[in-house]
**Student:** 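The structure is given below, and queries will be raised subsequently.
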Amino acid sequence: MADNQGTITICFTNNKGGSGKSTSCANLGYELSAIGKKVLLVDGDMQLNLSLSFFDEEKALAMAESGRTLYDAIRSKEDLAGYIVSSPFENIDLIPSSILMSQVEYDLFTMMQRELVLKKCLQHIREKGNYDYILIDAPPTLGTWVINILCASDYVIVPVEASPWGFFGLANMFDFLNRIQDMTDAVIMGVLITKVDERKNYYRQARELLKSYEEIHVFDSFIHVDSAIEWAQDASKPVAVYKKTTRSAVEFKALAEEVTRYGSR
């Protein structure tokens with residue numbers, strides 16, 4: 001478990017785009033909030049997908065251009081407590097991203113202890129213990145900014161798409177995590193298999209492949225391909241709010257139960 005028992009920080013990362021990182025982060029956050037957990041979501045990607053999961057495009061873009069974004073805080077090394085935005089849903093707050101996050105690698109390059117900037121910006125939020133979980137959506141890259149996110153996290157969830165291309169570069173992802181072990185205490189909580197289509201054989205192949213990675217836990221929960229997810233995203237709502245009975249909503253609820261059990265053991 002993390003040293004800070006009051007707040008558990010989990011990042012979602014995979015260097016392969018289209019793995020379902022933002023979708024998993026947003027919907028796990030909602031399901032944790034639905035069982036009474038206080039959740040802070042941190043949008044670490046210039047694509048704004050996590051912000052768009054809870055706010056319509058006009059509002060998300062307005063936040064991104066407000067000068068009160070994650071990028072602005074990182075650039076000025078400020079306490080992120082002043083950058084928190086309330087979401088439309090109970091128990092969920094957000095620190096919005098900016099399209100200027102594309103420049104964050106350059107800005108970090110000029111800073112002392114550049115790998116620890118995000119950790120320090122989150123320090124007071126964690127110390128206050130107002131949140132049970134902080135969930136961070138990382139961009140699909142392997143660089144100084146992702147190292148920042150990992151250094152600020154207690155645990156890592158790696159979403160992986162159940163497709164032939166979904167596993168492309170996964171070995172590089174795990175190699176990257178191994179190479180920075182001396183920089184971060186983040187533990188891989190598990191691999192989450194997403195976009196499962198049981199009419200195809202990729203899911204079984206995925207689990208078999210992941211068994212070859214020693215000491216890597218694979219969540220029992222997995223997320224099927226579900227059109228309700230896309231409709232929910234279009235409506236800027238968690239899938240359980242859009243349609244509570246849809247298969248993916250049930251699966252994200254099961255994932256939340258797994259995560260809380262992991263954090264309690």
Side-chain angles (χ1 to χ4, degrees), residues 7-33 37 39-55 57 59-61 63-64 69-74 80 83-85 87 89 92-102 104-105 117-119 121-122 125-126 131-161 173 176-177 184 186 188-192 194-195 219 223 229 232-233 236-239 248 252 255-256 259:
T7 302
I8 297 171
T9 304
I10 305 171
C11 73
F12 290 73
T13 184
N14 189 330
N15 58 314
K16 172 73 170 62
S19 62
K21 286 187 301 75
S22 302
T23 299
S24 301
C25 184
N27 284 283
L28 173 62
Y30 175 78
E31 293 299 340
L32 289 170
S33 75
K37 303 297 183 182
V39 179
L40 175 64
L41 300 172
V42 181
D43 192 347
D45 191 349
M46 64 170 286
Q47 297 181 70
L48 314 181
N49 287 336
L50 188 59
S51 300
L52 289 164
S53 297
F54 295 91
F55 298 92
E57 184 175 341
K59 177 64 175 177
L61 288 174
M63 292 190 299
T69 69
L70 178 62
Y71 174 75
D72 298 294
I74 294 299
L80 276 163
Y83 291 76
I84 296 172
V85 175
S87 85
F89 304 100
I92 301 179
D93 292 333
L94 173 77
I95 295 175
S97 186
S98 165
I99 58 173
L100 294 177
M101 286 298 296
S102 59
V104 73
E105 293 280 342
V117 176
L118 177 59
K119 183 175 183 178
C121 290
L122 280 171
I125 293 175
R126 284 175 55 92
Y131 295 98
D132 298 296
Y133 290 91
I134 299 174
L135 305 185
I136 308 174
D137 185 26
T141 59
L142 299 179
T144 304
W145 175 233
V146 172
I147 292 175
N148 250 266
I149 293 172
L150 290 164
C151 287
S153 301
D154 302 312
Y155 298 104
V156 182
I157 291 177
V158 182
V160 174
E161 180 185 358
M173 181 78 240
F176 176 78
L177 293 171
T184 174
I188 299 177
M189 182 181 285
V191 171
L192 173 66
T194 66
K195 302 183 181 180
F219 286 106
I223 312 302
I229 291 176
Q233 290 170 337
S236 300
K237 296 178 180 179
V239 67
S248 58
F252 280 120
L255 175 64
V259 168

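We number each residue from 1, following the sequence as shown. Bear in mind that the values here come from a model prediction, so they are computed numbers and not experimental data. Atoms considered below: every heavy atom in the structure, side chains included; atoms not considered: hydrogens, waters and symmetry mates.
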**Student:** Could you tell me which non-hydrogen atom of Ala152 sits nearest to which non-hydrogen atom of Thr9, and how far apart they are?
**Tutor:** O-CG2, 3.4 Å
**Student:** With sequence neighbours excluded, what pairs up with Ile125 under the side-chain contact (heavy atoms from CB on, under 4.5 Å) test?
**Tutor:** Leu40, Asp79, Leu80, Ala81, Ile84, Ile95, Leu122, Tyr131, Ile134
**Student:** For side-chain contact (heavy atoms from CB on, under 4.5 Å), just list the numbers for Cys11 and Leu150, CA-CA rounded to whole Å, side-chain angles, deciding distance to a tenth of an Å, and then say yes or no.
**Tutor:** CA-CA 7 Å; Cys11 73; Leu150 290 164; 3.6 Å; yes
**Student:** To the nearest 0.5 Å, how far apart are CZ in Phe12 and CE in Met189?
**Tutor:** 8.5 Å
**Student:** Can you tell if the side chain of Asn148 reaches within under 4.5 Å of the side chain of Lys119, non-hydrogen atoms only?
**Tutor:** no
**Student:** Applying side chain to side chain donor-acceptor pair (under 3.5 Å), can you list everything that pairs with Thr69, at least two apart in sequence or on another chain?
**Tutor:** Asp72
**Student:** Drop me the distance from Asp154's CG to Arg126's CZ, to the nearest 0.5 angstrom.
**Tutor:** 4.5 Å
**Student:** Checking Ser236 side chain against Phe55 main chain: does a donor-acceptor pair fall under 3.5 Å?
**Tutor:** yes
**Student:** Scan the side chains in residues 24-33 for donor-acceptor partners under 3.5 Å anywhere in the protein, sequence neighbours excluded, and list what turns up.
**Tutor:**
residue, atom, partner, partner atom, Å
Ser24, OG, Gly20, O, 2.7
Asn27, OD1, Val239, N, 2.9
Asn27, ND2, Thr23, O, 2.8
Ser33, OG, Tyr30, O, 2.5

**Student:** CG of Leu41 to CG of Asp93: how many Å apart, nearest 0.5 Å?
**Tutor:** 8.5 Å
**Student:** Which residues pass the side chain to side chain donor-acceptor pair (under 3.5 Å) test with Ser22, sequence neighbours left out?
**Tutor:** Asp137
**Student:** Which heavy atom in Trp145 sits nearest to a heavy atom in Glu105, and how many Å separate them?
**Tutor:** N-OE2, 2.9 Å
**Student:** Let me see the working for Thr13 and Met173 under side-chain contact (heavy atoms from CB on, under 4.5 Å), right down to the final yes or no.
**Tutor:** CA-CA 9 Å; Thr13 184; Met173 181 78 240; 3.8 Å; yes
**Student:** Per the side chain to side chain contact (heavy atoms under 4.5 Å, CB included) rule, which among Ile74, Thr144, Val104 passes with Val117?
**Tutor:** Ile74
**Student:** Nearest 0.5 Å please: distance from the CG atom of Asn14 over to the CD atom of Glu161.
**Tutor:** 10.0 Å
**Student:** If you compare all heavy atoms of Thr141 against all heavy atoms of Val146, which two are closest, and at what distance to 0.1 Å?
**Tutor:** O-CG2, 3.1 Å
**Student:** If every non-hydrogen atom of Thr184 is compared with every non-hydrogen atom of Ser153, which pair is closest and at what distance?
**Tutor:** OG1-O, 4.4 Å
**Student:** State which residues pass side-chain contact (heavy atoms from CB on, under 4.5 Å) with Ser102; sequence neighbours excluded, sorted by chain then number.
**Tutor:** Met46
**Student:** Within a strict 4.5 Å, meaning less than it, do heavy atoms of the Val259 and Ile8 side chains meet?
**Tutor:** no
**Student:** How far apart are the closest heavy atoms of Pro140 and Lys16, and which atoms are they?
**Tutor:** CB-C, 4.2 Å
**Student:** Taking side chain to side chain donor-acceptor pair (under 3.5 Å) as the definition, give me every residue that meets it alongside Ser248, ordered by chain and number, with sequence neighbours left out.
**Tutor:** Asp226
**Student:** Applying side-chain contact (heavy atoms from CB on, under 4.5 Å) to Asp45 and Met101, what does each step give before you reach the verdict?
**Tutor:** CA-CA 7 Å; Asp45 191 349; Met101 286 298 296; over 6 Å; no
**Student:** Can you see which heavy atom on Pro159 is nearest to which on Ser19, and at what distance?
**Tutor:** O-CB, 3.3 Å
**Student:** Using the rule given for side-chain contact (heavy atoms from CB on, under 4.5 Å), can you reason through Ile223 versus Phe252, listing the C-alpha separation, both sets of side-chain angles and the distance that settles it, and then say yes or no?
**Tutor:** CA-CA 7 Å; Ile223 312 302; Phe252 280 120; 3.7 Å; yes
**Student:** Using 0.5 Å steps for rounding, measure from the CZ atom of Phe54 to the CG atom of Leu94.
**Tutor:** 8.0 Å
**Student:** Got a second to check how far Asp43's CG is from Ser53's OG, nearest 0.5 Å?
**Tutor:** 8.0 Å
